[in-house]
Amino acid sequence: MLSSRIIEEKDRELYNDFVANHTEKGHILQSYEWGEIKGKGSWVPIRLLVFDDETPVAAISILQRSVPMGKTIFYAPRGPVVHIKEKKVVAFLMSEIKRIAKERNAIYLKVDPDIPIENEDWQAFFKDYGFQKPKSGSGFEGVQPRFVFRLDITPDEETLMKNMHQKTRYNLRLAGRKGVTIDTNPDRSKLAEFYDLMKVTAERDKFLIRPYSYFEDMYDYLVPKGLGNLFLAYYEGEMIAGTLLFKFGNRSWYIYGASSNAHRNVMPNYLIQWEMIRWSKERGCVMYDFRGVPGHVPPEHPLYGLYKFKKGFNGDYVEFIGEYDLVYNQLFYKLYETFEPMYYSGVRKLIRAKKKMKGALGKGK
């Protein structure tokens with residue numbers, strides 16, 4: 001008999017064990033800890049586990065956020081965690097989510113699942129169940145990458161190295177010859193220095209970064225539990241690059257990367273990726289995710305360098321099915337779809353204006 005319950009702290013391990021070991025859909029963003037991290041901000045985590053008698057058979061971690069007029073929105077990053085072939089379980093899970101949505105005045109549930117675009121079963125389910133593709137989506141905070149490179153890391157290191165593009169393999173070895181070293185177990189105190197590199201990278205590549213407190217939360221909730229790790233590259237005693245990796249079950253994800261404007265010619269980013277792959281293999285991972293790329297792009301595209309860098313490790317190019325919204329209140333959904341992108345666009349403009357003003361004041365000193 002199917003039943004469900006909202007999971008609290010005492011059942012953390014039960015929930016995580018099911019999600020981490022799920023053969024199809026286990027993802028770090030559906031972990032108990034990710035809900036804790038997001039719960040430090042404007043989101044409220046809801047973790048639901050479905051049982052067949054006493055055996056867990058489905059799960060979802062939903063992030064709830066309040067919006068005007070007493071309503072909320074639901075977002076399940078890379079969820080739900082369930083086998084699509086188990087029709088009764090899927091239907092029961094969705095009915096339980098709908099019940100909770102009604103209790104909490106949710107306008108809609110957004111998902112952007114870890115499902116390749118070739119998976120017709122899931123796409124058919126979303127269509128039949130009434131999910132719809134959002135018209136905007138660009139303004140929604142936190143939606144996951146649509147395109148990634150993923151590498152099967154079950155072969156031995158020699159084979160993985162051999163399978164890389166020749167230039168990637170050359171640059172990786174060049175970093176070692178030049179004397180670049182990677183610290184795979186840095187002290188917590190190094191996080192601030194890594195964040196300084198993040199600010200340098202953001203300034204150079206023209207993107208916004210989250211506050212330092214967010215990186216502290218990610219480190220503190222994940223790294224001590226073996227669910228994440230910080231990697232730092234040094235050259236002649238100077239930190240010149242750093243990365244943050246997530247690990248859950250037998251998968252790992254490259255999440256954040258930063259590099260100095262100096263010594264880029266010694267290719268630290270290649271060696272640090274290799275050390276993250278080796279670290280993941282040593283801990284039983286079978287898949288390494290390079291995270292977002294801009295899709296197949298021509299050489300003149302501004303992000304072609306990022307695409308080429310990740311492609312060089314010879315991972316599989318994966319396109320996901322993208323975002324789907326299950327709407328519970330059509331009227332409020334239309335209002336939210338109209339005004340939410342405008343709100344985030346205004347926030348971004350305000351942040352950029354503050355940065356420009358800060359920069360101008362700094363130059364005037």
Side-chain angles (χ1 to χ4, degrees), residues 145 147-151 153 157-187 189-209 215 229-245 252-281 288-315 317 355 359 362-363:
F147 308 95
V148 301
F149 276 112
R150 283 184 164 173
L151 181 65
I153 59 174
E157 290 184 13
E158 183 180 354
T159 302
L160 289 172
M161 186 80 76
K162 183 180 178 181
N163 289 342
M164 293 177 191
H165 291 195
Q166 186 274 334
K167 189 64 174 178
T168 299
R169 189 165 55 247
Y170 174 84
N171 286 338
L172 192 161
R173 289 170 171 164
L174 174 68
R177 290 198 302 271
K178 291 289 186 180
V180 176
T181 59
I182 310 298
D183 186 353
T184 61
N185 189 31
D187 186 80
S189 63
K190 296 293 184 181
L191 185 65
E193 198 172 346
F194 166 71
Y195 188 72
D196 287 340
L197 277 184
M198 283 292 301
K199 290 190 288 186
V200 169
T201 306
E203 181 70 25
R204 183 181 65 235
D205 296 340
K206 307 269 190 289
F207 64 84
L208 300 175
I209 58 171
F215 286 82
N229 201 56
L230 184 64
F231 296 79
L232 302 174
Y234 289 87
Y235 178 66
E236 297 181 344
E238 178 184 351
M239 185 191 297
I240 59 171
T243 54
L244 188 60
L245 176 87
S252 62
W253 295 263
Y254 162 45
I255 301 297
Y256 287 101
S259 61
S260 168
N261 291 329
H263 309 301
R264 301 182 74 187
N265 61 313
V266 298
M267 305 297 173
N269 295 330
Y270 289 88
L271 185 58
I272 206 169
Q273 287 290 333
W274 177 238
E275 290 302 323
M276 287 196 291
I277 291 169
R278 294 183 66 228
W279 185 93
S280 300
K281 277 183 64 66
Y288 179 85
D289 192 320
F290 289 88
R291 288 278 283 175
V293 290
H296 290 300
V297 292
E300 60 271 19
H301 191 282
L303 293 176
Y304 179 75
L306 175 68
Y307 170 84
K308 184 180 179 182
F309 169 72
K310 294 183 178 182
K311 188 176 187 294
F313 288 87
N314 201 39
Y317 174 82
K355 282 196 165 189
K363 289 177 182 178

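Please read these numbers as outputs of a predicted model, since none were measured by experiment.
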Any chance you could measure [X], atom [atom1], to [Y], atom [atom2], to the nearest 0.5 Å?
X: K162; Y: N314; atom1: NZ; atom2: CG; value: 12.5 Å
X: T243; Y: L230; atom1: OG1; atom2: CG; value: 7.0 Å
X: N171; Y: H165; atom1: CG; atom2: NE2; value: 13.0 Å
X: I240; Y: N269; atom1: CD1; atom2: CG; value: 8.0 Å
X: M267; Y: K178; atom1: CE; atom2: NZ; value: 10.0 Å
X: R169; Y: L174; atom1: CZ; atom2: CG; value: 14.0 Å

| request: Kindly state whether the ring of F290 and the ring of Y254 have centres lying under 6.0 angstrom apart. | output: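 Ring centres of Y254 and F290 not closer than 6.0 Å.
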Could you tell me which non-hydrogen atom of [X] sits nearest to which non-hydrogen atom of [Y], and how far apart they are?
X: S260; Y: R204; answer: O-NH1, 3.6 Å
X: G176; Y: L271; answer: N-CD2, 4.3 Å
X: F309; Y: F313; answer: O-CD1, 3.4 Å
X: A233; Y: I182; answer: CB-CD1, 3.6 Å
X: S280; Y: M276; answer: OG-O, 2.8 Å
X: P186; Y: L232; answer: CB-CD1, 3.6 Å

| Can you find a side-chain donor-acceptor pair between R278 and T184 that sits under 3.5 Å? |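 Per modelled atom types, R278 and T184 side chains form no pair under 3.5 Å.
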| query | Are D183 and Y234 close enough, and set up right, to give a side-chain contact (heavy atoms from CB on, under 4.5 Å), and what steps lead you there? | reply | CA-CA 8 Å; D183 186 353; Y234 289 87; 4.0 Å; yes
| Within the distance-only criterion (no hydrogens, no angle test), does the side chain of K310 pair as donor or acceptor with the backbone N or O of G292 below 3.5 angstrom? |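 Yes, K310 side chain to G292 backbone: donor-acceptor pair under 3.5 Å.
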| query | Can you tell me if T168 uses its side chain to pair, donor with acceptor, with the backbone of G312 under 3.5 Å? | reply |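 Checking the backbone N and O of G312 against the side chain of T168, a donor-acceptor pair under 3.5 Å is found.
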| query | Taking the six-membered ring of Y270, is the NZ or CZ of R177 close enough (under 6.0 Å from the centre) and on axis enough (within 45°)? | reply |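 Geometry flag: not set, cation outside 6.0 Å or 45°.
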| field | Check against side-chain contact (heavy atoms from CB on, under 4.5 Å), L197 and S259 | value | CA-CA 6 Å; L197 277 184; S259 61; over 6 Å; no
| request: Report the C-alpha separation of I153 and L160 in whole Å, then their side-chain angles, then the decisive distance to 0.1 Å, and conclude whether the side-chain contact (heavy atoms from CB on, under 4.5 Å) test is met. | output: CA-CA 7 Å; I153 59 174; L160 289 172; 4.3 Å; yes
Is any side-chain heavy atom of [Y] closer than 4.5 Å to one of [X]?
X: V200; Y: N261; result: yes
X: R173; Y: M161; result: yes
X: V148; Y: W253; result: no
X: L151; Y: N163; result: no

| field | CA sep, side-chain torsions, deciding dist, call: Y256, F215, ring-ring contact (aromatic ring centres under 6.0 Å, His included) | value | CA-CA 10 Å; Y256 287 101; F215 286 82; 4.9 Å; yes
| Salt bridge present between K199 and D196 (N-O < 4.0 angstrom) |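 The answer is yes: the pair qualifies as a salt bridge.
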| said: Quick one, N229 with F231, criterion side-chain contact (heavy atoms from CB on, under 4.5 Å). Give me CA distance, side-chain angles, the key distance, then yes/no. | reply: CA-CA 7 Å; N229 201 56; F231 296 79; 3.3 Å; yes
| F149 vs Y307 aromatic rings, parallel, tilted or perpendicular, using cut-offs 30° and 60°? |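 Plane angle between 30° and 60°, so tilted.
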| message | Within a 6.0 Å radius of atom CD on E238, are there more than 12 heavy atoms belonging to other residues, nucleotides or ligands? | response |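 Yes.
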| Should we say atom NZ of K281 is surrounded by more than 12 heavy atoms from elsewhere, each under 6.0 Å from it? |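 Yes, enclosed.
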| said: As a test of understanding, state which of Y317, Y304, F147 forms a ring-ring contact (aromatic ring centres under 6.0 Å, His included) with H296. | reply: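 The ring-ring contact (aromatic ring centres under 6.0 Å, His included) with H296 is passed solely by Y317 among Y317, Y304, F147.
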